[in-house]
Protein chains: 2
Amino acid sequence: MKLFMLKNKLPNKIVTRLSLYYQILSKTTSSYISSQNIASHLGTNSAQVRKDISLFGQFGIPGKGYNVKKLYLNIEKILGIDKSWNVVIIGCGNLGSALLKYSGFKEQRFNIIAGFDIDKNKIGKVINNRKIYHIDELKNFVKKNVVDIAAITVPSSSAKEIIKYVADCGIKGILNFSATQIKLPKCITLKFDLTIEFIRLACMLANSKLTQ
Amino acid sequence: MKLFMLKNKLPNKIVTRLSLYYQILSKTTSSYISSQNIASHLGTNSAQVRKDISLFGQFGIPGKGYNVKKLYLNIEKILGIDKSWNVVIIGCGNLGSALLKYSGFKEQRFNIIAGFDIDKNKIGKVINNRKIYHIDELKNFVKKNVVDIAAITVPSSSAKEIIKYVADCGIKGILNFSATQIKLPKCITLKFDLTIEFIRLACMLANSKLTQ
DNA sequence: TAGATTGTTAATCGATTAACAATC
DNA sequence: TAGATTGTTAATCGATTAACAATC
C-alpha cells in the first residue's frame with residue numbers, strides 16, 4: 001500500500017493528472033480507451049497513465065484498454081467528487097459576477113448557489129438565478145444551507161479579514177482569487193493567481209525568443 | 001552551467017517559484033531579506049530559495065541576506081519580464097469583460113489594450129478605456145500594434161478555430177481559458193482551467209474529511 | 001493463435017533537503 | 001570577534017520512463 005493512502009492525502013500531481021484523465025474520459029465517445037490514447041491527448045507517456053491508474057486498482061483489460069464509463073466513475077470516486085458541491089461567491093465585482101453568470105461548473109457538479117457583497121446596489125439582485133446577499137448574512141445562510149466552498153473574489157485590501165470571517169462561518173473550502181496569501185487552520189485554502197500565469201507565459205515567450 | 005541554460009528553457013517549477021519570490025519582494029519594505037524569511041512566506045525551505053536564486057548568480061551577502069531591490073530587478077531579468085507586454089482579450093463574455101474591467105495587471109506591466117468579439121452589440125463599446133473590435137479586425141490590429149499575448153475567453157465550441165486564427169494573425173503567446181486543449185507549432189500556449197482548480201479543492205476536502 | 005495492451009518491476013532521472021565551510 | 005546567513009556539495013527522496021511477462 002502506498003504511503004499517501006495511509007495518510008489519506010493524494011499528492012497534488014496525481015490529483016491534477018487524474019483530473020485531466022477525467023476530463024478526457026468525459027469527452028470520449030468510444031467505450032474503450034488505451035493508456036496510449038489518453039497519453040497522446042496530454043503529451044505525456046502511456047506508462048505514466050497506467051501507473052497513475054494502477055495505484056488505485058486494476059481497471060484495465062490487457063489487449064483492450066480501459067472501459068471508459070467504468071474508469072470515469074472510478075476516478076470520480078478516487079478524487080472524492082462523486083457528490084455535489086455547493087459554492088458561494090464572496091465579492092460580486094468583475095470576476096465574482098462573471099462566476100455568477102457562468103453555468104459551466106454544473107456539469108462537474110459544482111453548484112454556485114449565491115453571491116455575497118457589501119455594496120447596497122448589488123444586494124438583492126439576482127444574477128443567473130443566484131441571489132446576492134449582504135456579507136453579514138453569510139453566517140445565517142451557512143446554517144440554513146450546505147456550503148462546501150467559498151470563492152473569494154474581493155479586493156486584496158479586504159481579503160484577509162473576509163477570509164477569516166468566511167472560515168469563522170464554518171466554510172471548509174476556500175478558493176482564494178485575491179492577491180493575498182493566507183493560511184487558516186480550520187479550512188483548506190487554494191490560491192489561484194492569474195498574475196502568476198501571465199508571468200509564466202511571458203517568461204516562456206521571453207525564453208523562446210532567445211532560441212529563435 | 002546548467003542544462004536548461006544551454007537549452008534556453010527554464011523549468012516550469014523554477015519559473016513558478018521565482019515568480020512567487022518576485023511577488024514577495026515587491027511587497028517587502030525592508031532593504032534586506034534572508035532566504036529563511038522568503039521561505040517562511042511560502043511554507044518552503046530556505047535551502048530551496050537559496051538554490052533557486054544561486055542558479056543565476058551570487059546575489060546575496062553572507063550574514064546579511066539579499067538586497068531586496070537588487071534581487072527583485074534580477075529576477076525580473078531572469079524571468080524575462082523586464083519589459084511591457086501588450087495583451088488582447090478574445091471573446092468579451094463574462095470572463096472576457098471581467099478582464100477588460102480589471103486594471104490590476106498593469107502593475108506587472110501587462111497592458112490589456114483591446115477586446116475582440118463577434119457580437120454586434122459589443123463591438124465599438126469601450127470598457128475601462130479598452131475598445132472592443134470585431135474579431136475580423138484582429139489581423140489588421142496586430143499589424144498596427146504590438147500584441148504579445150492573446151487571452152482566449154470564447155466558448156469552447158468555437159475555441160479551436162479561433163485559436164488557430166489568432167496564431168495565424170501572428171500572436172505568439174496564448175493564454176487559453178477555454179475548456180479546449182490545443183497545441184500549435186507557431187506559438188506558446190498556456191492552458192488555464194478553473195474547473196481543475198475546483199476539482200483539486202474538492203478532492204482535498206474529500207480527503208481531509210476521511211482523516212477527521 | 002497473433003496482436004494488442006495491461007500492470008508492475010527495475011532503472012533512470014530530477015528535485016529537495018541537510019549540512020557546513022566560507023564570508024560578511 | 002561572535003553571530004548570521006550565504007553558496008554549494010553530497011545525501012536523500014520522489015517521480016518518470018523503459019521494458020516485459022501476463023493476459024485478454
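Throughout, a chain's letter reflects where its sequence line sits, starting with A, and its residues are numbered from 1.
The distance between atom CG of A:N74 and atom P of C:dT6, rounded to the nearest whole Å, is 16 Å. Rounding to whole angstrom units, CG of residue B:L18 and P of C:dA15 are separated by 13 Å. Spacing between atom CD1 of A:I33 and atom C1' of C:dT6 amounts to 14 Å, rounded to whole angstrom units. The distance between atom CD1 of B:I14 and atom P of C:dA15, rounded to the nearest whole Å, is 7 Å. Summarising the geometry, the separation between CD1 on B:I53 and P on D:dT6 is reported as 8 Å, rounded to the nearest angstrom. For the pair A:L71 CG and C:dT5 C1', the interatomic distance rounds to 14 Å; values are reported in whole Å. Regarding A:Y66, its OH atom lies at a distance of 18 Å from the P atom of C:dA4, rounded to whole Å. Computed from coordinates, the B:Y21 OH to D:dT6 C1' distance equals 15 Å when rounded to whole Å.
No more than 12 heavy atoms of other residues, nucleotides or ligands sit less than 6.0 Å from atom CD1 of B:I118. Annotation: A:K144, atom NZ; neighbour count of heavy atoms from other residues, nucleotides and ligands within 6.0 Å does not exceed 12. Surrounding NZ of B:K64 are at most 12 heavy atoms belonging to other residues, nucleotides or ligands under 6.0 Å away.
Listed by first and then second residue, the ring-ring contact (aromatic ring centres under 6.0 Å, His included) pairs involving residues 186-206 of chain B are A:F105-B:F198, A:F110-B:F198, A:F192-B:F192, B:F177-B:F192 (not counting sequence neighbours).
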Under 3.5 Å, side-chain donor or acceptor atoms of residues 66-75 of chain B against the rest of the protein: list the pairs with distances, not counting sequence neighbours.
residue, atom, partner, partner atom, Å
B:N67, OD1, B:K69, N, 3.1
B:N67, OD1, B:K70, N, 3.0
B:Y72, OH, B:Y22, OH, 3.2
B:N74, ND2, B:K70, O, 3.0

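Annotation: side-chain contact (heavy atoms from CB on, under 4.5 Å) contacts of B:P62 (sequence neighbours excluded): none. Every residue was checked against the ring-ring contact (aromatic ring centres under 6.0 Å, His included) condition with A:Y32, not counting sequence neighbours, and none meets it.
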Contact state string [nucleotides 16-24 of chain D, B base, S sugar-phosphate only, - no protein heavy atom under 4.0 Å]
SBBB---BB

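Taking a pair as Watson-Crick or G-U with both hydrogen-bonding distances under 3.5 Å, the stems of three or more pairs touching DNA chain C are C:3-24 with D:3-24.
Residue contacts for B:S35: at a heavy-atom cut-off of 4.0 Å it reaches the sugar-phosphate backbone alone, with no base atom in range. A:Y32 comes within contact range of no nucleotide atom at all, as no heavy-atom separation falls under 4.0 Å.
The one candidate from A:R109, A:K83, A:K172 that meets the salt bridge (Lys or Arg N to Asp or Glu O under 4.0 Å) condition with A:D148 is A:K83.
Using a 4.0 Å cut-off between charged side-chain N and carboxylate O, A:K77 and A:D82 make no salt bridge.
Between A:Q58 and C:dT8, a side-chain N or O to OP1/OP2 separation shorter than 4.0 Å is present.
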